[in-house]
Amino acid sequence: MSHPEQHRGRWRPRLDRPALVALLFGVAGVVYRLILTLFTVPVSNSDEATFGLAALHIAQGRERPIFLYGQHYMGVLESYLAAPLIAVAGPSWPVLRLPMLVLYAVFLYLIHRLTRRLCTPWFAAFVVGLLALGPERVVRDQLTVVGGRPEVKPAVLLMLLITVGLAVGTVHRRRLAIGLFGLLVGLSIWSDWLILPYLAVAGLALLWAVRRELLGWSGLLLVAGAVVGVAPMIVDNLRAGPGEDSLSVFREVSTKAGPQPPWSDRIRGGLLEGVPLAHGLCPVDGCGRWQQWFGVLYPVLLVAGAALAVLAYRRAAGPPGGERIARATPRAERVGPVVQLALIAGAALTLLSYVRSPLAATSPLDNARYLSVLQLSLPAVLWPLWVAALTAWRGTSSVLGRITGALSAAVLAALTVTTLVITVLFAATGTAASRTEERQARELAAALRADGPHEVYGDYWTCNRLIFNTDESVVCGVLDGDLSPGQNRYRPYWWQVGRAERPGYVVEAGSPMDRRLRRLLADRGDATPVREVGGYRVYHPETPVRPWR
């Protein structure tokens, strides 16, 4: 990655050309996302606001949440990361999202390091360049504070780098490194269970690399690190009532009753919609037929990547029948193929887990975010294409090899151009709607903060965002469209509004809740003051309106 250069009596690192190109790509990707962060693009929502409110409560010393309010299976590590910044600067969306931007930069750095060690410097630069691009679906997963994915991806990469370092012998404090591996495993389990397939394969890679060491103190440190990392989840589950433990709640959420879509529909939704969306090849509203090609090709690339890794492993292990030679072959030469196989297996298991869910068929656009972790496997997935293209370009292959190389180069070019076009279209034309919606939400918050009412009812997607935008000077209780109590993640807000002598209503103009509330007030003959702010209607009845009581 760098070479030492003597300058005025001191040694300074000098980046080689591929590393410099990767650095420029990385800086461009971070600056692009910083601009989006400052303008709150993608748009905020009440799920993200719940993490923000948890961060605010942590900063104020009021709460020490383990899971997201109202849940028992998604950790709030992102809230703890944002809490010190909110304590200093106060609640705002750019402040809340700034740690996610840092995690993205760490992700780029680690995936460059890992790809460079496993493959080649120029291929590592190419991977960073692809990951620097980002249409809305991709940057939403990277920048919004909605739990799990931004922090678990760097954690997995660091675990794999630790494995490589241990096998190669460049890690000197081996026991501490193994303990850190365990800590990262525990934190990842607490944060987001979607990463479990990658944790499993990373653990197998570590077992392959240092299986003898794990029989002693290193194994104890690995277990101790994992226990420390997952300790918040353990504590919460020990306190949870029957059916409220993480596993029970997660099983209930994951196994909804009803008819199961056929496998063909789930595979189609997972491959043709989910995979291209997760890799930035489609706009957020869905993939056209011409953009679904990567989903069709993806299983082929997984198989090709696995075959290439197995071939590399066998070559590094020495000629068949030479057991003595195989034992003498350094483990360092085989760790690269092992880690590549781990990345391939992690992607395959994640994809299989996704298509098992009915949501892959019934709502592929909303749930493609669960495949964002596939970015971890991008180097292993694209490596066969790079090898074939490079071999053909050097002219060292047969006619069939040159044809395959030309097709591989065309696929890499198509992948790059498509991602670039979708990113440019989003940056040029796709941010206007987000900025408009964000402006309306802030207008509503400013109006209620200044003139009241300060205790209101609203729908789920209005309430917590309104509370966060007003720094809790306005408190909101969640109602469903039929004006019955809804999903109130943080119950003290609901109780506070319930005690108010004259609560208001905040509803989107023309929504079902708006129409139902108008009919209810008309039946009462109540001349309720109404004003419109930023696409919302604010009702403030003279007497409380609580039809559920």
Side-chain angles (χ1 to χ4, degrees), residues 45-83 96 141 144-153 155 182-200 226-258 350 353-354 356-359 363 366-367 369-370 372-373 460-461 463-465 467-468 476-478 480 485-495:
N45 59 50
S46 279
D47 280 345
E48 186 176 17
T50 306
F51 279 92
L53 292 168
L56 178 63
H57 298 163
I58 294 167
Q60 295 172 343
R62 293 163 49 188
E63 302 278 2
R64 290 293 182 267
I66 294 175
F67 296 111
L68 182 64
Y69 292 140
Q71 291 184 351
H72 289 276
Y73 64 91
M74 180 176 287
V76 287
L77 179 59
E78 294 174 7
S79 297
Y80 281 95
L81 293 176
L96 180 63
D141 290 321
T144 55
V145 184
V146 291
R149 294 176 293 278
E151 63 265 29
V152 296
K153 289 191 290 186
L183 179 64
L184 293 171
V185 169
L187 289 174
S188 298
I189 293 174
W190 168 43
S191 187
D192 192 347
W193 287 12
L194 290 174
I195 203 63
L196 287 178
Y198 280 96
L199 296 183
V227 170
V228 169
V230 81
M233 175 181 285
I234 295 174
V235 171
D236 185 86
N237 280 269
L238 290 176
R239 298 173 179 172
E244 294 183 351
D245 61 281
S246 301
L247 188 59
S248 299
V249 174
F250 189 77
R251 186 185 299 117
E252 181 182 354
V253 171
S254 304
T255 56
K256 295 293 185 181
T350 298
S353 175
Y354 178 73
R356 288 182 65 249
S357 169
L359 295 176
S363 185
D366 294 335
N367 294 281
R369 64 185 185 273
Y370 297 130
S372 67
V373 294
Y460 177 80
W461 296 110
C463 271
N464 278 11
R465 181 163 66 165
I467 299 170
F468 185 77
C476 185
V478 178
D480 288 333
Q487 186 181 14
N488 286 276
R489 290 187 176 276
Y490 189 64
R491 299 296 295 182
Y493 295 145
W494 173 259
W495 298 330

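Hydrogens, waters and symmetry mates are skipped; everything else that's a heavy atom, side chains included, is used.
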A.B. asks: Check whether any side-chain N or O of S46 sits under 3.5 Å from a backbone N or O of R465 as a donor-acceptor pair, and report yes or no.
C.D. replies: yes
A.B. asks: Are any non-hydrogen side-chain atoms of T350 and Y198 less than 4.5 angstrom apart?
C.D. replies: yes
A.B. asks: Let me see the working for N45 and W461 under side-chain contact (heavy atoms from CB on, under 4.5 Å), right down to the final yes or no.
C.D. replies: CA-CA 6 Å; N45 59 50; W461 296 110; 3.9 Å; yes
A.B. asks: Take atom CZ in R491; do more than 12 heavy atoms of anything else shown fall under 6.0 Å from it?
C.D. replies: yes
A.B. asks: CG of L187 to CG of D192: how many Å apart, nearest 0.5 Å?
C.D. replies: 13.0 Å
A.B. asks: Please name the pair of heavy atoms, one in S188 and one in I195, separated by the smallest distance, quoted to 0.1 Å.
C.D. replies: CB-CG2, 3.9 Å
A.B. asks: Determine yes or no for a side-chain-to-main-chain donor-acceptor pair under 3.5 angstrom, with S357 supplying the side chain and S353 the backbone.
C.D. replies: no
A.B. asks: Ignoring hydrogens and angles, state whether a donor on the side chain of Y460 or R489 is under 3.5 Å from an acceptor on the partner side chain.
C.D. replies: yes
A.B. asks: May I ask you to test the F51-L68 pair for a side-chain heavy-atom distance under 4.5 Å?
C.D. replies: yes
A.B. asks: Between atom OH of Y370 and atom CZ of R149, what is the distance when rounded to the nearest 0.5 Å?
C.D. replies: 7.0 Å
A.B. asks: Take atom CZ of R62 as the centre, draw a 6.0 Å sphere, and report whether it contains more than 12 heavy atoms from other residues, nucleotides or ligands.
C.D. replies: yes
A.B. asks: Where the side chain of W190 meets the backbone of I66, is there a donor-acceptor pair that is under 3.5 Å apart?
C.D. replies: yes
A.B. asks: Is there a donor-acceptor pair under 3.5 Å between the side chain of E48 and the backbone N or O of V146?
C.D. replies: no
A.B. asks: Is there a donor-acceptor pair closer than 3.5 Å between any side-chain N or O of N488 and the backbone N or O of V478?
C.D. replies: yes
A.B. asks: Determine the minimum heavy-atom distance between S79 and A55, stating which atoms define it.
C.D. replies: O-CB, 3.3 Å
A.B. asks: Indicate the atoms forming the closest heavy-atom contact of I58 with R64, along with that distance.
C.D. replies: O-NH1, 3.3 Å
A.B. asks: Are Y354 and N367 side-chain neighbours, meaning at least one heavy-atom pair lies under 4.5 Å?
C.D. replies: yes
A.B. asks: Which heavy-atom pair separates A49 from N464 by the least distance, and what is that distance?
C.D. replies: CB-O, 3.3 Å
A.B. asks: Which value, rounded to the nearest 0.5 Å, describes the distance between Q71 atom CD and D236 atom CG?
C.D. replies: 11.5 Å
A.B. asks: Is the shortest side-chain heavy-atom distance between F468 and T50 below 4.5 Å?
C.D. replies: no
A.B. asks: Any side-chain heavy-atom pair from P150 and E78 closer than 4.5 angstrom?
C.D. replies: yes
A.B. asks: Can any side-chain N or O of Y80 pair as donor or acceptor with the backbone N or O of P65 at less than 3.5 Å?
C.D. replies: yes
A.B. asks: Return all side-chain donor-acceptor pairs below 3.5 angstrom for residues 228-235, not counting sequence neighbours, or 'none' if the list is empty.
C.D. replies:
none

A.B. asks: Taking all non-hydrogen atoms of both residues into account, name the closest pair between S372 and D141 and its distance.
C.D. replies: CB-OD2, 3.5 Å
A.B. asks: Any donor-acceptor pair under 3.5 Å linking the side-chain atoms of Y490 with those of E63?
C.D. replies: yes
A.B. asks: Determine the minimum heavy-atom distance between G486 and D480, stating which atoms define it.
C.D. replies: CA-OD1, 3.5 Å
A.B. asks: Atom OH of Y73 and atom OG of S191: how far apart are they, to the nearest 0.5 Å?
C.D. replies: 12.5 Å
